[in-house]
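Heads up: numbering here begins at 1 and tracks the sequence. First listed ligand is number 1; within each ligand, the first listed atom is number 1.
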Amino acid sequence: MKVDLQEVAELIRNSKNMIAFTGAGISVESGIPPFRGENGLWSRYDPKCLDLDFFHSHPKESWMAIKTIFYDFFGKAKFNAAHKVLADFEQMGIVKAIVTQNIDNLHQAAGSKEIYEFHGNSQKLICPHCKKIYLPEEVNLDELPPLCKHDGHVLKPNFVFFGEGIPEEAYANSLAAARKTDLVLIVGTTGEVMPAAMIPTEAKRAGATIIEINTEPSNYTNQITDFFLQGKASELLLQLEDLIGEKS
Ligand code: APR
């Protein structure tokens, strides 16, 4: 079914409380592989490295994978046009908030302000014991696992591991935004991982219209999506921004 981009652009322009819900797919054009699908990280690394129990019982092995994936890879990534358009949409008063599953900090780097990080952020490390927060540059990741300078405990990236709870404030803010919004723009997610994946569904239940941008159909496409734009996030978002026209 061919979707009329002009119609979608009008919907976005006339929305009252639009939010974006983003996943790894929005950062693929920044050089960060997705988790699933071809070339996905979970086809190359064992997701157990992000299992909380495994991390505590095998800190060095877990940290070796975490360093490669989240610090060597992510560390060099720059935001792409898709992140930038969402930041422009916020400046234009169109996007009120971004609920992201990503921990790569690229929405912040692109200039977005109202961001709810459902899975935390890789830009901080925490000592699970004394709760001291470290920036990656304050920690020597050539010696793994990194230890707290204060009490010697193994530091943990301050993002959510499998088996770990969602940060309460991000959860509450995301749910409130989902229940208030009239339009959700889903960008680049399979919709596989709960409870994050229920945010767009919650919005749909509250009466929102769902626009989805993805290179492939997702769990949402034949369920809640009203307008499916198949293609790359940066290309489609740039086209939508041009159609919406006035940039602040
Ligand atoms: N533009 C748009 N979508 C894209 C692009 C692109 N250039 N490239 C890939 N995609 C889509 C894929 O088709 C897929 O649907 O992005 C999605 C990526 O899916 P996942 O890798 O499953 O990422 P995500 O849905 O964010 O995973 C959710 O799983 O491992 C956990 O905590 C991790 O936050 C992550 C969660």
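For the side chain to side chain contact (heavy atoms under 4.5 Å, CB included) test, residues two or more places apart in sequence or in another chain that qualify with Pro128 are Lys156. The side chain to side chain contact (heavy atoms under 4.5 Å, CB included) test applied to Lys60 returns Met64, Pro145, not counting sequence neighbours. Scored by the side chain to side chain contact (heavy atoms under 4.5 Å, CB included) test, Arg205 finds Thr201, Glu202 as partners (sequence neighbours excluded).
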How far apart are the C-alpha atoms of Asn80 and Ser234, what are their side-chain angles, what is the distance that settles it, and do they pass the side chain to side chain donor-acceptor pair (under 3.5 Å) test? CA-CA 7 Å; Asn80 66 57; Ser234 57; 5.2 Å; no
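In this structure a side-chain-to-backbone donor-acceptor pair under 3.5 Å is missing from Thr181 to Ala177.
Under 4.0 Å from any atom of ligand 1, one finds heavy atoms of residues Gly23, Ala24, Gly25, Val28, Glu29, Pro34, Phe35, Arg36, Trp42, Gln101, His119, Phe162, Gly188, Thr189, Thr190, Val193, Asn214, Thr215, Glu216, Gly231, Lys232, Ala233.
In this structure, Tyr171 and Phe118 have tilted ring planes: the angle between them lies in the 30° to 60° band.
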